[in-house]
Amino acid sequence: MPKPKQLKANFFARSVHHVAPELIGATLLVDGVGGRIVEVEAYHHTDPAAHSFGGRTERNAVMFGPPGHAYVYRSYGIHWCLNFICEPEGSASGILIRAIEPTAGLPAMRRRRGLKDERLLCSGPGRLGEALGIARAKHNGARLDHAPFAVFAPEARPEIIAGPRIGISKATELPWRYGLKGSKFVSKRFPEAG
DNA sequence: TATGAGATCAACT
DNA sequence: GTTGATCTCATAC
C-alpha cells in the first residue's frame, strides 16, 4: 500500500464545485476515527440554501474565514453537522459532509452511536457527526490539515454520481450533491439514470 | 416501503 | 413564535 497523500489547506482554496467531487473517495479521520467519504453537498454563497446566503452572523462566521477549516453547526437542535470551508477567504462557501464509509475506529463509532449496523453508522450528516464525536466547541473553525482532523486524497479516481440535494426547501433543483456510485453507505440512494 | 410526529436549539421575523 | 443542510420510532399498508 502506498502512503496516502494528506490534503493541505490549498486543496480547499478553490471553487466548491471543483473540490466537492474530488472529496468523494477521500479519507476523513477525526482523532484517527473515520473512513472514506461517499457523499457530500456543495453550498455556494450565492445559493439561497446556504447558511451564508443572508450575510454573516455569529453562527456562520467561520464560513467567511479562510478555506481549509471546519464549520460545525447545530441541526434541528439535536445534531452536529460538519462542513469544509472552500474557495478564497471571504467567499463563504462550503461543503457539507453527508456520509462516509466507516474504515477506521469502528468500535469507537459503534460506542458513540449505540449501533451495530455498520451501514447506519455514518450514513447522514447527523449520524456522521455523532459517530466522529463532532462538537462545535471542539471543532468549529479548526484546521482540516491539523489534528484532530486529517483528510487524505483518494487512491484512485472513483466513479462519481451527482444529483439534487436533500433535506432543503430552497434551490432544490441544483444538482450539487455528489456521491460514490454504487456505494451502500450514502444517506439516500441517488436517482440512477435508466 | 411509506408516511408522520417528536426531540430540541439558535437564528431570524 | 416559526423554521430548519436530521434522525428515530411508531403506525399503516
Side-chain angles (χ1 to χ4, degrees), chain A residues 12 15-17 19-21 23-24 28 30 34-35 37-65 67 69-87 91-102 109-142 144 160-180 183-192:
Chain A
F12 299 97
S15 162
V16 286
H17 304 308
V19 178
L23 282 174
I24 301 300
L28 165 67
V30 182
I37 298 175
V38 297
E39 183 184 352
V40 300
E41 281 177 5
Y43 284 89
H44 195 255
H45 67 288
T46 56
D47 165 10
H51 284 172
S52 52
F53 180 70
R56 181 180 181 136
T57 66
E58 202 169 325
R59 173 174 68 156
N60 64 26
V62 319
M63 290 190 80
F64 290 79
H69 287 233
Y71 164 50
V72 177
Y73 72 94
R74 184 77 105 168
S75 171
Y76 290 89
I78 0 202
H79 300 111
W80 293 113
C81 296
L82 174 64
N83 293 247
F84 292 173
I85 300 308
C86 292
E87 313 216 18
S91 61
S93 303
I95 297 170
L96 171 68
I97 310 302
R98 289 191 55 90
I100 68 177
E101 174 183 340
M109 290 194 267
R110 287 208 185 90
R111 182 166 11 96
R112 287 183 239 198
R113 295 271 296 123
L115 276 179
K116 283 185 186 171
D117 192 341
E118 198 175 304
R119 196 165 140 176
L120 295 177
L121 232 39
C122 303
S123 59
R127 293 167 173 164
L128 189 153
E130 185 174 25
L132 299 192
I134 298 294
R136 182 163 69 173
K138 277 195 273 185
H139 301 112
N140 194 39
L144 296 171
I160 292 164
I161 190 166
R165 292 172 295 177
I166 291 184
I168 56 175
S169 56
K170 299 169 191 167
T172 53
E173 74 284 357
L174 298 173
W176 290 350
R177 174 176 180 237
Y178 301 94
L180 180 63
S183 173
K184 294 179 170 53
F185 295 90
V186 297
S187 62
K188 194 179 172 195
R189 293 194 79 76
F190 283 79
E192 306 249 2

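None of these values were measured; they are calculated from a predicted model. Chain letters run A, B, ... following the sequence lines, proteins first and then strands; every chain starts at 1.
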Bracket string, DNA chain C, 5' to 3' - pairs by Watson-Crick or G-U geometry under 3.5 Å, | interstrand: ||||.|||||||.

Strand contacts (DNA chain C) in residues 118-130 of chain A, 4.0 angstrom heavy-atom criterion: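 Those residues are A/Gly124, A/Pro125, A/Gly126, A/Arg127.
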
By side-chain contact (heavy atoms from CB on, under 4.5 Å) - contacts of A/Pro48 (at least two apart):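 Applying side-chain contact (heavy atoms from CB on, under 4.5 Å) to A/Pro48 gives A/Phe53, A/Lys170, A/Ala171.
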
Which residues pass the side chain to side chain donor-acceptor pair (under 3.5 Å) test with [X], sequence neighbours left out?
X: A/His139; value: none
X: A/Thr172; value: none
X: A/Ser187; value: A/Glu39, A/Arg98

Interatomic distance at P, C/dA5 relative to B/dT13, whole Å: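 C/dA5 and B/dT13 have their P atoms separated by 14 Å.
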
Whole-angstrom distance between B/dA10 and C/dT8, as gauged at atom C1':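 Per the computed distance, 22 Å lies between those C1' atoms.
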
Protein-to-nucleotide contact annotation, 5' to 3' order, nucleotides 8-13 of chain B [B base; S sugar-phosphate only; - none; under 4.0 Å, heavy atom]: BB-SS-

Within 6.0 angstrom of A/Glu58 CD, more than 12 heavy atoms from elsewhere: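 Open.
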
Check: A/Cys81 main-chain N/O paired with A/Ser75 side-chain donor or acceptor under 3.5 Å: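 It does not hold such a pair.
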
Polar side-chain atom of A/Ser93 near backbone of A/His45 as donor-acceptor pair, under 3.5 Å: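 Yes; judged by distance alone, with no hydrogens or angles, the pair exists.
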
Span of DNA chain C in contact with chain A (heavy atoms, under 4.0 Å):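 Span of nucleotides near chain A: C/dG4 to C/dT8.
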
For A/Tyr73, all residues meeting ring pair (Phe, Tyr, Trp, His ring centres under 6.0 Å), sequence neighbours excluded: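 For A/Tyr73, the residues satisfying ring pair (Phe, Tyr, Trp, His ring centres under 6.0 Å) (neighbours in sequence not counted) are A/His51, A/Tyr71.
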
Set of residues satisfying ring pair (Phe, Tyr, Trp, His ring centres under 6.0 Å) with respect to A/Tyr43, sequence neighbours excluded: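 Testing A/Tyr43 for ring pair (Phe, Tyr, Trp, His ring centres under 6.0 Å), a comparison that skips the adjacent residues, returns none.
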
Residue pairs fulfilling salt bridge (Lys or Arg N to Asp or Glu O under 4.0 Å) with at least one residue in residues 113-124 of chain A, sequence neighbours excluded: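 Counting only pairs at least two positions apart or across chains, the salt bridge (Lys or Arg N to Asp or Glu O under 4.0 Å) contacts touching residues 113-124 of chain A are A/Arg110-A/Glu118, A/Arg113-A/Glu130.
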
Atom pair CZ/CD1 of A/Arg177 and A/Ile166 - distance to nearest 0.5 Å: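 Here the interatomic distance stands at 3.5 Å.
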
Donor-acceptor pair between A/Ser15 and A/His17 side chains, under 3.5 angstrom: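 There is no such pair (donor and acceptor under 3.5 Å, judged by atom type) between the side chains of A/Ser15 and A/His17.
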
Sugar-phosphate, base or nothing in reach of A/Arg113, heavy atoms under 4.0 Å: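 The residue A/Arg113 makes sugar-phosphate contact but no base contact.
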
Sugar-phosphate, base or nothing in reach of A/Ser187, heavy atoms under 4.0 Å: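 The answer is nothing, as A/Ser187 stays clear of every strand by at least 4.0 Å.
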
Any residue meeting salt bridge (charged side-chain N to carboxylate O under 4.0 Å, His left out) with A/Arg136, in chain and number order, not counting sequence neighbours: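 Residues passing salt bridge (charged side-chain N to carboxylate O under 4.0 Å, His left out) with A/Arg136: none at all.
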
